[in-house]
Engineer: 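Please find one structure pasted underneath; my questions will follow.
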Amino acid sequence: MPEQPLPVLETERLVLRPYSLADARRIQEMCGDEAVASTTLALPHPYPDGAAEQWISTHAESFRQGSEVTLAVTLGPGGLVVGSVALFLKPEHRRGELGYLIAKEHWNHGYCTEATRALVGFGFRVLDLNRIQATHFPRNPASGRVMQKLGMAREGLLREYVSSRGVFEDLVMYSILRPEFETAGKAG
Ligand SMILES: CC(C)(COP(=O)(O)OP(=O)(O)OC[C@H]1O[C@@H](n2cnc3c(N)ncnc32)[C@H](O)[C@@H]1OP(=O)(O)O)[C@@H](O)C(=O)NCCC(=O)NCCS
């Protein structure tokens, strides 16, 4: 169980930091975009007023309980919030599940890959995870590409695994194990 506050992670171009209530409007803007919401599992659409504030208020406690690490993706110190990354933790299995989104106007600049690589590193090296997994809809190949660029292995197709807006949809499951991440880091 982490006893530290949520971390700040720095990459070449990005700072991943805890959200504050001042970010609520920006979250509503990013998550309220149908292009972003339609390929995620958890986002309500339309995104309700007050939901961002409520969501932010859960982050510190979820991290303290060891169930979740959620961070804003920003363009450098004090910079614009361009996305969100999270690891949902199952400590009993030393396993994490990755979630992420990037605001549409910032897609295809490598931000998601750069941010999630830092979070996966935190998961393995600081949280001592053994496995990190992620899923995407087959109709969302950009997300699958992020998983591939992270060095994840495609495990298979989970048939009609979720009901999304009343429609059963398949999910593609990817994962990476700790030694694979260390090896990929040394190679790259
Ligand atoms: C998925 C998402 C997070 C990717 O963010 P991003 O910052 O654009 O990702 P990156 O730039 O790091 O990588 C995207 C990769 O997908 C590729 N890509 C983009 N559109 C694609 C498509 N239609 N088919 C195949 N690949 C595609 C890009 O070319 C890039 O790969 P490359 O570096 O090899 O060229 C972003 O599209 C998003 O927020 N979508 C809505 C929310 C969502 O789907 N979240 C994930 C739920 S599983």
Side-chain angles (χ1 to χ4, degrees), residues 9-17 19 23 25-48 51-52 55 59 68-76 79-90 95-123 131-176 181 184-185 187-188:
L9 307 178
E10 294 185 23
T11 70
E12 201 178 327
R13 297 178 294 171
L14 307 170
V15 174
L16 282 54
R17 58 143 175 91
Y19 281 103
D23 298 314
R25 214 165 126 185
R26 176 61 176 149
I27 292 171
Q28 187 162 12
E29 194 175 69
M30 292 191 305
C31 299
D33 182 349
E34 167 67 4
V36 168
S38 74
T39 49
T40 62
L41 273 173
L43 285 182
H45 193 75
Y47 195 82
W55 182 63
H59 293 172
E68 193 177 314
V69 188
T70 298
L71 296 172
V73 179
T74 70
L75 295 181
L80 179 69
V81 177
V82 294
S84 198
V85 289
L87 260 181
F88 303 97
L89 304 169
K90 292 281 180 215
R95 188 175 79 213
E97 174 139 6
L98 205 52
Y100 45 76
L101 63 84
I102 297 290
K104 189 173 180 208
E105 64 274 20
H106 297 282
W107 286 2
N108 298 322
H109 294 288
Y111 291 148
C112 187
T113 306
E114 189 169 323
T116 50
R117 189 172 282 134
L119 187 58
V120 167
F122 179 79
R131 170 189 162 102
I132 294 178
Q133 65 189 42
T135 62
H136 71 88
F137 291 125
R139 61 184 166 83
N140 187 13
S143 182
R145 183 75 193 119
V146 169
M147 294 171 199
Q148 289 162 11
K149 289 195 288 180
L150 287 174
M152 292 180 140
R154 187 186 189 279
E155 293 189 330
L157 186 75
L158 309 175
R159 296 181 305 153
E160 300 198 359
Y161 195 68
V162 290
S163 173
S164 173
R165 302 184 186 186
V167 178
F168 291 116
E169 291 204 58
D170 301 341
L171 286 181
V172 185
M173 168 74 82
Y174 276 80
S175 75
I176 185 166
F181 182 73

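Counting convention: from 1, in listed order, for ligands and their atoms alike. Hydrogens, waters and symmetry mates play no part in the numbers below; they use all other heavy atoms, side chains included.
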Engineer: Evaluate the criterion side-chain contact (heavy atoms from CB on, under 4.5 Å) for residue pair D23 and R17; output intermediate values, then yes/no.
Structural biologist: CA-CA 11 Å; D23 298 314; R17 58 143 175 91; 2.8 Å; yes
Engineer: Students should be able to answer this: which protein heavy-atom is nearest to atom 11 (O) of ligand 1, and at what distance?
Structural biologist: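 Ranking protein heavy atoms by distance from atom 11 (O) of ligand 1, first comes G110 N, 2.7 Å.
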Engineer: Rounded to the nearest 0.5 Å, what separation is found between the NE2 atom of H45 and the OG1 atom of T40?
Structural biologist: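 That separation rounds to 10.0 Å.
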Engineer: Mark yes when over 12 heavy atoms from residues, nucleotides or ligands other than E12 sit less than 6.0 Å from its CD; otherwise mark no.
Structural biologist: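 12 or below, so no.
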Engineer: For ligand 1, which atoms, with element, lie under 4.0 Å from some heavy atom of S143?
Structural biologist: 1 (C), 46 (C), 48 (S)
Engineer: Please list the nearest protein heavy atom to atom 25 (C) of ligand 1 with its residue and the distance rounded to 0.1 Å.
Structural biologist: P141 CB, 3.7 Å
Engineer: Using a 4.0 Å cut-off to any heavy atom of V36, which atoms of ligand 1 qualify?
Structural biologist: 41 (C), 42 (C)
Engineer: Tell me: protein heavy atom nearest atom 17 (C) of ligand 1, and distance?
Structural biologist: R145 CG, 3.9 Å
Engineer: Please work out which of the three classes, parallel, tilted or perpendicular, describes the rings of Y111 and H109, given edges at 30° and 60°.
Structural biologist: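 Judged by the thresholds at 30° and 60°, the geometry between H109 and Y111 is tilted.
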Engineer: May I ask you to list the atoms of ligand 1 that are less than 4.0 angstrom from any heavy atom of H109?
Structural biologist: 11 (O)
Engineer: Would H136 and T39 count as a side-chain contact (heavy atoms from CB on, under 4.5 Å) if you check the C-alpha gap in whole Å, the side-chain angles of each, and the deciding distance to 0.1 Å?
Structural biologist: CA-CA 8 Å; H136 71 88; T39 49; over 6 Å; no
Engineer: Taking only heavy atoms of Y111, which atoms of ligand 1 are found under 4.0 Å from at least one of them?
Structural biologist: 7 (O), 12 (O)
Engineer: Just to confirm my output: which protein heavy-atom neighbour is closest to atom 45 (N) of ligand 1, and how far is it?
Structural biologist: Y100 O, 2.8 Å
Engineer: From atom 28 (C) of ligand 1, work out which of T39, L101, T116, N108 has a heavy atom at the shortest distance.
Structural biologist: N108
Engineer: To the nearest 0.1 Å, how far is atom 13 (O) of ligand 1 from its closest protein heavy atom, and which atom is that?
Structural biologist: K149 NZ, 3.1 Å
Engineer: How far is atom 36 (C) of ligand 1 from its nearest protein heavy atom, and which residue and atom is that?
Structural biologist: W107 NE1, 3.4 Å
Engineer: Where is the nearest protein heavy atom to atom 20 (N) of ligand 1: which residue, which atom, and how far?
Structural biologist: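 The answer is A142 CB, 3.7 Å.
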Engineer: With sequence neighbours excluded, tell me which residues meet side chain to side chain donor-acceptor pair (under 3.5 Å) with R25.
Structural biologist: none
Engineer: State whether the number of non-hydrogen atoms from other residues, nucleotides or ligands found under 6.0 Å of R159 atom CZ is greater than 12.
Structural biologist: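 Counting other residues, nucleotides and ligands, CZ of R159 stays at 12 neighbours or fewer.
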Engineer: Do me a favour and list the nearest non-hydrogen protein atom to atom 6 (P) of ligand 1 with residue, atom name and distance?
Structural biologist: C112 CB, 3.6 Å
Engineer: If you measure from atom 12 (O) of ligand 1 to every heavy atom of T135, L171, T113, I102, which option wins on shortest distance?
Structural biologist: T113
Engineer: Assess whether side-chain contact (heavy atoms from CB on, under 4.5 Å) is satisfied between R131 and I176, documenting all intermediate values.
Structural biologist: CA-CA 6 Å; R131 170 189 162 102; I176 185 166; over 6 Å; no
Engineer: Walk me through it: do Y100 and T113 pass the test side-chain contact (heavy atoms from CB on, under 4.5 Å)?
Structural biologist: CA-CA 10 Å; Y100 45 76; T113 306; over 6 Å; no
Engineer: Determine whether any protein heavy atom is located less than 4.0 Å from atom 2 (C) of ligand 1.
Structural biologist: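 It does not: no protein heavy atom is found less than 4.0 Å away from atom 2 (C) of ligand 1.
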Engineer: With a 4.0 Å cut-off on N to O distance, would you call R117 and E114 a salt bridge?
Structural biologist: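 No, this pair does not count.
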